Amino acid sequence: MADDIFKKLVAHSKEYGFVFQSSEIYDGLGAVYDYGQNGVELKNNIKKYWWDSMVKLHENVVGLDSAIFMHPTIWKASGHVDAFNDPLIDNKDSKKRYRADVLIEEALAKLEGKMDKEVDKAKKRFGDSFDEKQFRETNPRVMANQEKWNALHKRFADALNDSNLEELKQIIIDEEVVCPISGSKNWTDVRQFNLMFSTEMGSTAEGANTIYLRPETAQGIFVNYLNVQKTGRMKLPFGIAQIGKAFRNEIVARQFIFRMREFEQMEMQFFVKPGTELDWFKKWKETRISWHRALGFGDENYRFHEHEKLAHYANAAVDVEYKFPFGFKEVEGIHSRTNFDLTQHQEFSGKKIQYFDPELGESYVPYVVETSIGVDRMFLQVMAASYFEEELTDNKGQKDIRVVLRLPAALAPVKLAVMPLIKKDGLPEKAREIIDALKFDFNCMYDEKDSIGKRYRRMDAIGTPFCVTVDHQTAEDNTVTIRYRDTMEQDRVEISKLTEIMENAVSMKPLFAKLK
RNA sequence: GCGGGAGUAGCUCAGCUGAUAGAGCAUUAGCCUUCCAAGCUAAGGGUCGCGGGUUUGAAUCCCGUCUCCCGCUCCA
């Protein structure tokens with residue numbers, strides 16, 4: 001049932017130019033998607049709603065746009081390099097997963113065991129006069145094993161050094177390593193499980209450095225903390241907001257645009273005095289939920305999910321979850337990140353990252369409260385919340401399904417469609433005149449093809465909140481009809497009033513008024 | 001990653017056990033003019049995901065591969 005709606009939503013997103021699979025004509029690229037002509041408008045509007053609510057509405061929050069490429073040491077400091085960087089291999093029979101390097105180390109240990117056994121035996125035989133070093137260097141069986149060990153060890157070290165995964169697998173095959181559970185040698189390829197994408201910077205092979213595509217935008221804010229604080233003369237508490245792309249090489253990326261390998265984040269890091277972070281955490285929690293609720297998708301569809309297990313950097317964490325067709329899922333996270341990140345960067349960079357508190361007369365590393373929302377998840381949430389299939393009955397008693405995207409007007413990709421009732425008698429020209437007057441302020445669309453009812457439905461499908469129709473009366477008194485997407489009702493209004501009507505209707509101000 | 005299902009026109013799908021690729025909607029052009037889809041006429045659009053194999057002949061059978069969906073697993 002719910003699944004059905006989700007499928008329809010995916011199909012609708014494609015059919016009406018919201019979301020396309022990346023590289024579709026080449027069979028697609030896993031978990032990467034493109035935004036189409038309507039999708040990009042909706043996405044931009046979502047970003048604007050967030051950006052303005054953060055940066056414009058808060059005197060002490062400023063923006064930033066940091067680069068995707070960053071110094072590789074940043075990811076050591078943040079913990080991303082060590083956190084998840086192992087060569088893994090699966091046994092196809094037991095379906096158990098092992099670290100390939102550990103399996104090889106065990107093979108090495110086995111050889112060591114063999115040699116030790118020989119040594120022990122000899123020790124017993126010769127007693128006190130036994131010279132272990134000499135024995136090891138002369139006994140043919142020990143020497144053979146030592147040679148094997150040396151060769152294997154070198155091969156292993158080289159493979160690790162070059163991150164040569166094929167070689168690691170070959171070692172496991174050559175050493176006839178078996179799975180302790182299934183006892184089989186039926187292995188998958190060795191895969192490097194690193195959530196970060198890497199690339200080379202520098203055009204010559206010798207001079208090239210491995211750098212990573214950022215797996216989160218937050219670090220770009222932390223490393224610019226001093227720049228912004230000093231040049232902006234910012235006083236604690238203050239925040240830095242950023243919207244940008246991040247990349248994660250997910251093992252399992254699923255559910256349409258919910259979990260993608262390339263995605264966009266809207267993050268705000270709020271720097272506070274140590275000891276006050278939990279109060280601010282609470283405050284931002286309320287602010288953020290009110291931002292979601294202001295869109296009018298129903299308060300009951302949102303809930304908080306408090307984290308019990310906390311990440312290494314956090315002392316409090318909560319998710320804002322929305323009731324998707326496939327269940328309650330996270331759209332935003334609010335985390336109290338303590339002073340972990342700034343302290344780490346202070347250590348790794350050797351630069352002091354502190355704030356001089358004029359009240360206390362002393363310096364400290366600020367604590368951080370983060371709000372982090374996925375643009376793409378938010379996009380999916382808005383689509384899911386707006387998609388309706390309405391059953392209508394026309395005056396002949398015929399049943400009919402109307403697909404309508406009840407997008408908040410401020411977010412709608414197209415704000416206004418202007419169309420001539422029929423495409424002659426000067427009506428098209430008049431319609432274009434109206435568009436020319438409005439197109440700089442509102443995203444408008446012209447349509448003259450097919451019956452007026454059909455054109456209204458097309459606009460419903462992409463969530464256009466208003467349709468203006470030019471008819472024969474327009475030439476007489478300069479009025480048009482304006483038809484509302486949600487009620488399907490219409491009013492007759494003067495052309496000269498359209499700008500004002502539209503301005504009020506598509507403004508984000510009413511949304512902002514509801515924010516805490 | 002494992003298991004299951006799927007991939008045929010822009011969308012939704014039909015095409016049974018091998019023999020010249022279909023429908024509805026959508027699109028384009030023309031006619032008609034009518035404020036809530038489905039009026040008339042015509043047209044365009046698919047080497048049936050891709051590669052290989054079996055066969056006189058493959059959308060259909062076999063193998064591989066890619067992508068999507070569901071479940072499990074993994075992870076923040």
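To find a chain, count down the sequence lines: A is the first, B the second, and so on, and within it residues start at 1. Just so we're clear, the structure is a prediction, and the values are computed from it rather than from any experiment.
Straight-line distance from the CZ atom of F466(A) to the P atom of rC36(B): 20 Å, rounded to whole Å. Taking atom NE2 on H335(A) and atom C1' on rA76(B), their separation rounds to 8 Å, with Å as the unit. The NZ-P distance, from K14(A) to rG7(B), rounds to 15 Å in whole Å. Computed from coordinates, the Q21(A) CD to rG49(B) P distance equals 15 Å when rounded to whole Å. Between R377(A) atom CZ and rA76(B) atom P there is a gap of 14 Å when expressed in whole angstrom units. Taking atom CZ on F258(A) and atom P on rC75(B), their separation rounds to 18 Å, with Å as the unit. Atom CG in D471(A) sits about 8 Å away from atom C1' in rC35(B), given to the nearest Å. Going from atom CD of Q490(A) over to atom C1' of rU34(B) covers 13 Å, rounded to whole Å.
Side-chain proximity of E15(A) to rC36(B), rU33(B), rC11(B): nearest is rC11(B). When each of rC68(B), rC75(B), rC11(B) is scored by its nearest atom to the side-chain atoms of R259(A), the top-ranked nucleotide is rC75(B). Counting only heavy atoms from C-beta on, D450(A) has its side chain closest to rU27(B) among rU27(B), rC68(B), rC35(B). Among the nucleotides rC75(B), rC68(B), rC35(B), the one closest to any side-chain atom of Y33(A) is rC68(B).
Using a 4.0 Å cut-off between charged nitrogen and carboxylate oxygen, K245(A) and E262(A) count as a salt-bridge pair. The pair D450(A)-R458(A) counts as a salt bridge, with a side-chain nitrogen and a carboxylate oxygen less than 4.0 angstrom apart.
Between the P atoms of rA6(B) and rC63(B), the separation comes to 14 Å (whole Å). As rounded to the nearest Å, rU20(B) and rC2(B) have P atoms that lie 38 Å from one another. On the C1' atoms, rA19(B) is 14 Å away from rG15(B), given to the nearest whole Å. Rounded to whole Å, the P atom of rG44(B) lies 16 Å from the corresponding atom of rU28(B). Between rA9(B) and rA21(B), the distance separating the two P atoms is 15 Å to the nearest Å. Taking the C1' atom of each, rC32(B) and rG46(B) are spaced 33 Å apart, rounded to whole Å. A gap of 24 Å separates the P atoms of rG53(B) and rU8(B), to the nearest Å. Here, rG30(B) and rU67(B) have their C1' atoms 41 Å apart, quoted to the whole Å.
Across all strands shown, R248(A) has heavy atoms under 4.0 Å from sugar-phosphate atoms exclusively, and none from any base. Across all strands, H307(A) comes closer than 4.0 Å to base atoms (heavy-atom distances). Note on D460(A): nothing from the nucleic acid sits closer than 4.0 angstrom, heavy atoms only. K423(A) comes within contact range of at least one nucleobase, with a heavy-atom separation under 4.0 Å.
When the side-chain nitrogen and oxygen atoms of R457(A) are compared with OP1 and OP2 of rA26(B), none of them lie within a distance under 4.0 Å. Of the side-chain N and O atoms in S451(A), none sit less than 4.0 angstrom from OP1 or OP2 of rG39(B). Contact annotation: K454(A) side-chain N/O to rA26(B) OP1/OP2 distance is under 4.0 Å. Between K449(A) and rU28(B) there is no side-chain polar atom (N or O) within less than 4.0 angstrom of OP1 or OP2.
With a cut-off of 3.5 Å on both pairing distances, rA37(B) has no Watson-Crick or G-U wobble partner at all. rA59(B) makes up no base pair with any nucleotide shown, lacking Watson-Crick or G-U wobble contacts both under 3.5 Å. Summarising the base pairing, rC2(B) is matched to rG71(B) through a Watson-Crick or G-U wobble pair whose two defining distances lie under 3.5 Å. Base pairing of rA9(B) is not made with any nucleotide, judged by Watson-Crick or G-U wobble geometry with both donor-acceptor distances under 3.5 Å. Nucleotide rU54(B): unpaired (no Watson-Crick or G-U wobble partner with both distances less than 3.5 Å). Base-pair partner of rA42(B): rU28(B) (Watson-Crick or G-U wobble, both distances under 3.5 Å).
For an aromatic pair to be called close, the ring centres must be under 6.0 Å apart, and Y33(A) with F256(A) satisfies this.
Cation-pi geometry between R432(A) and Y446(A) is met: the NZ or CZ atom falls under 6.0 Å from the ring centre, inside 45° of the normal.
In this pair, Y322(A) and F324(A) present their aromatic rings perpendicular. The plane angle is above 60°, beyond the 30 to 60° band.
Take the nearest nucleotide of RNA chain B for H305(A) and for V470(A): the residue whose nucleotide is more 5' is V470(A). Mapping E24(A) and G453(A) onto RNA chain B by nearest heavy atom places E24(A) at the nucleotide closer to the 5' end.
Side-chain contact, S386(A) with R406(A): no donor N or O sits under 3.5 Å from an acceptor N or O. When only modelled atom types and interatomic distance are considered, D341(A) and Q219(A) share a side-chain donor-acceptor pair under 3.5 Å. Using modelled atom types and a 3.5 Å distance limit, the side chains of S53(A) and W291(A) yield a donor-acceptor pair.
Put simply, the side chain of R483(A) and the base of rC36(B) share a donor and an acceptor less than 3.5 Å apart.
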